[in-house]
Amino acid sequence: MPILKDGRRRQKPVKNFRSTGEAMRISRYIIPTLKDDPSDAVIVSHRLMIRAGLIRKESAGMYVYLPSGLKVLRKIINIIKEEMDRSGALEFLMPELTSADLWKESGRWDTMGPEMFRIEDRNGMEYSLAPTHEEAFTAVVRSVISSYRDLPVNVYQINTKFRDEIRPRYGVIRSKEFIMKDAYSFDIDDEGLEKSYQTMRKTYRRIFERCGLETIPVEADTGSMGGSDSEEFMVASEVGEETLLLCGQCGYRANQEKAEYKITIQRNGAERSEDLEIVDTPGVKTIEDLVKFFNCPEEKFLKSMIYLADDDPVMAVVTGDREINELKLKNYLGANSIEIAPDAAVEKVTGAPVGFAGPVNDLKVKTVYDRSVREVVNGITGANKADKHYKGVNPGRDFTIKDEADITSAKGGDLCPLCGKPMYEKKGIEVGHIFKLGRKYTESMNVKVLDKKGKEITPIMGCYGIGVNRTMSAIVEQHNDERGIIWPQSVSPFDVHLIGIAKSESEISEADKIYHALINSGFDVLYDDRNVSPGFKFADADLIGIPLRLIVGKSYFKDGKIELKLRKSGETEHVEKGLLVERVRELIKIDN
RNA sequence: CGGGGCGUGGCGCAGUCCGGUAGCGCACAUGGUUUGGGACCAUGGUGUCGGAGGUUCGAAUCCUCUCGCCCCGACCA
């Protein structure tokens, strides 16, 4: 989206141009509010953004920003820009159409998969509509640095990304085209990277705070990029696509895909080992079925799943009450990709149909055991034969645990890995992510600088992203009530919402005077000058959500006082015309 | 990609089972009365019923194909 590329037509310079502000009269503005909820919006921010006239859907995963929506987006962008600049980062503008050569250099032309839009020009040259810009930035930086003296450097842009999402959803939260602030730091060594990373940690906290967003920074996985530290900035939300584990005691906070937990050892010491016994279990396959069939708690069962890790079969064994965390498994195995094995592969490995896999008698396939498995006494597991399970299964005696790791997801109630107190779960929307990238790109794309001794070294990178549109959605998600949006002043589309309730020509001209006085004092005013009922205007104002409302109506025409009302609390006060500008200035600063 | 649902005026929907003049609310236009929490009266305009093909005297409705959208799942910032 050429939001930053100034696509406006060139205009003749106008001398002494002064805005008349006419465009901010609602009667002349485009802010199409809706009384009814759009039928295809399910979450509150999506509904409100459409109803308040900020965005319109163009098609699945693509949205039009109408004038007031764009104003909000720009305010968020400005905050991000100011804070990034303050941190010392340098702003660029990268092409969105990137040549395939770049991606081939890093190897991602092949590994990116279908989420990257690929296109050809008329000559058959291949391009990608950039889903991210590691390669592009690495290439520019490579071309302009040559010495350790040039580092550290942190480069960024605020620009559109394209991703062919499997399923766009929740309005602007997951779309095919979105604006992202992406930054990449280059340092000569780990200490430098740590410094850059810490600077971004602080910068991100400031950015979200200024946007009026309460975020929960959590430990996260670094994804396929490798690297060590990683922090995601999450906004708590029912519709969040991520699950977080939080410790109320010590403040441990992690994404479920990364979260660790202390294992609870409650081995029933009194229970005697039983003999291994084979049981007919026709058609009993799932843990749920097994619980009913054996009338045993979930944790008695050994769930055995076959995966393909980089195409090699691997069995993962966990207790029945736990979910396998594929990411942990993948990381433990050091694999690039991991997926559930197709049925045919399962049958080949276990010699039985899907649903009857188990570790007893040690299959030839590599098997990874969760830490919980060793505690099981007289467990039940598949017998690697159709319609048969073993009971009385005991680790050590009936199978050998060679590879043991934490390969299950933490869940609410599990014990904090740091302090041992129970953790709780929360859903969250990811609005920002910072992580130490390492040398993946600087190595594959051969970035070198000379160090103090004249020796070639490969710089180390950090990567820092913020989803801008998503941030806007998250702000609405966090600031609304049953009547509409309640913008934080810092990102409000206008400074004030002026409502004129005038009944005669002279009253209209009085209200217009106030409007002009406000504009001339530098305020960005949305002026409801429509000839509709007061209730209609109030309801629209509530929906649009500008934090400060001024009403020129009954009380003004009676005793010359303008009514000021705060959207959030509903508090009102009446101010003399002469003191209005000053008072508005004070009120607008409160929230910032 | 699997499962489910939906496409009818600008928006929200009814009509589809059981074929027979396309409707309702809101919005819109004009005139009038109103004016501090989504006013009222009168008049008016608005539709290739998502698209294509078929069945039929006749299709929004039945059949076939197709496109789009939403939800759940898998997957992912």
Is there a side-chain contact between [X] and the phosphate of [N], meaning an N or O under 4.0 Å from OP1 or OP2?
{"X": "A/R51", "N": "B/C11", "value": "no"}
{"X": "A/Y170", "N": "B/C76", "value": "no"}
{"X": "A/S533", "N": "B/A39", "value": "yes"}
{"X": "A/R483", "N": "B/G38", "value": "no"}

Nearest-Å distance for atom pair [atom1]/[atom2], residues [X] and [N]:
{"X": "A/D164", "N": "B/C1", "atom1": "CG", "atom2": "C1'", "value": "13 Å"}
{"X": "A/D540", "N": "B/A39", "atom1": "CG", "atom2": "C1'", "value": "15 Å"}
{"X": "A/R169", "N": "B/C71", "atom1": "CZ", "atom2": "P", "value": "8 Å"}
{"X": "A/Q256", "N": "B/C75", "atom1": "CD", "atom2": "C1'", "value": "16 Å"}
{"X": "A/I340", "N": "B/C75", "atom1": "CD1", "atom2": "P", "value": "8 Å"}
{"X": "A/D37", "N": "B/C26", "atom1": "CG", "atom2": "P", "value": "18 Å"}
{"X": "A/E326", "N": "B/A74", "atom1": "CD", "atom2": "P", "value": "10 Å"}
{"X": "A/I501", "N": "B/G38", "atom1": "CD1", "atom2": "P", "value": "12 Å"}

Determine, for A/Y197 and A/K436, whether the Lys NZ or Arg CZ falls below 6.0 Å from the six-membered ring centre while staying within 45 degrees of the axis.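 So A/K436 does make the cation-pi contact.
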
If you look at every strand shown and take non-hydrogen atoms under 4.0 Å, does [X] touch a base, only sugar-phosphate, or nothing?
{"X": "A/R47", "value": "nothing"}
{"X": "A/K554", "value": "base"}
{"X": "A/K565", "value": "base"}
{"X": "A/V431", "value": "nothing"}
{"X": "A/S504", "value": "nothing"}
{"X": "A/K57", "value": "sugar-phosphate"}
{"X": "A/I166", "value": "base"}
{"X": "A/G465", "value": "nothing"}
{"X": "A/E242", "value": "nothing"}
{"X": "A/S555", "value": "base"}
{"X": "A/E430", "value": "sugar-phosphate"}

Should [N] form a Watson-Crick or G-U wobble pair with both distances under 3.5 Å, which nucleotide is its partner?
{"N": "B/C26", "result": "B/G10"}
{"N": "B/G20", "result": "B/C57"}
{"N": "B/G31", "result": "B/C41"}
{"N": "B/U64", "result": "B/A52"}
{"N": "B/C1", "result": "B/G73"}

Sticking with atom [atom1], work out how far [N] lies from [M], rounded to a whole angstrom.
{"N": "B/U16", "M": "B/G50", "atom1": "P", "result": "15 Å"}
{"N": "B/G23", "M": "B/A60", "atom1": "P", "result": "13 Å"}
{"N": "B/G36", "M": "B/A42", "atom1": "C1'", "result": "27 Å"}
{"N": "B/A29", "M": "B/G10", "atom1": "P", "result": "15 Å"}
{"N": "B/C63", "M": "B/U56", "atom1": "C1'", "result": "12 Å"}
{"N": "B/U61", "M": "B/U21", "atom1": "P", "result": "14 Å"}
{"N": "B/U66", "M": "B/G2", "atom1": "P", "result": "12 Å"}
{"N": "B/C41", "M": "B/U8", "atom1": "P", "result": "29 Å"}

So, do A/F538 and B/G38 meet the stacking rule of ring centres under 5.5 Å and planes under 30°? no

Is there a donor-acceptor contact under 3.5 Å from the side chain of A/N255 to the main chain of A/K258? no

Taking A/R47 for its side chain and A/V42 for its backbone only, find out whether a donor-acceptor pair lies under 3.5 Å.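 Flag set: sc A/R47 to bb A/V42 pair under 3.5 Å.
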
With nearest nucleotides of RNA chain B determined for A/K537 and A/E232 from heavy-atom distances, which residue corresponds to the more 5′ nucleotide? A/K537

By nearest heavy atom, map A/D40 and A/M180 onto RNA chain B; which one lands nearer the 5' end? A/D40

Checking A/S87, A/S185, A/S196 against A/Y464 for side chain to side chain donor-acceptor pair (under 3.5 Å), the one that qualifies is A/S185

Start with the C-alpha gap between A/Y204 and A/H433, add the side-chain angles, then the distance that decides, and say whether ring-ring contact (aromatic ring centres under 6.0 Å, His included) holds. CA-CA 9 Å; A/Y204 271 45; A/H433 191 176; 9.5 Å; no

Do we see a donor-acceptor contact under 3.5 Å between the side chains of A/N325 and A/T408? no

Hey, are A/T243 and A/K427 close enough side-chain-wise for a donor-acceptor pair under 3.5 Å? yes

Presence of donor-acceptor pair under 3.5 Å, side chain of A/R174 and base of B/C76: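 Present.
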
From the list B/U35, B/G12, B/C76, which nucleotide is the closest neighbour of the side chain of A/D36?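 Among the listed nucleotides, the one closest to the side chain of A/D36 is B/G12.
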
The nucleotide from B/G36, B/A74, B/C69 with an atom nearest the side chain of A/R167 is B/A74

Where is the tightest heavy-atom contact between A/T132 and A/W103, given as atom of each residue plus distance? O-CH2, 3.5 Å

How are the rings of A/Y184 and A/F137 set relative to one another: parallel (under 30°), tilted (30 to 60°) or perpendicular (over 60°)?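 Answer is tilted, since the angle falls between 30° and 60°.
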
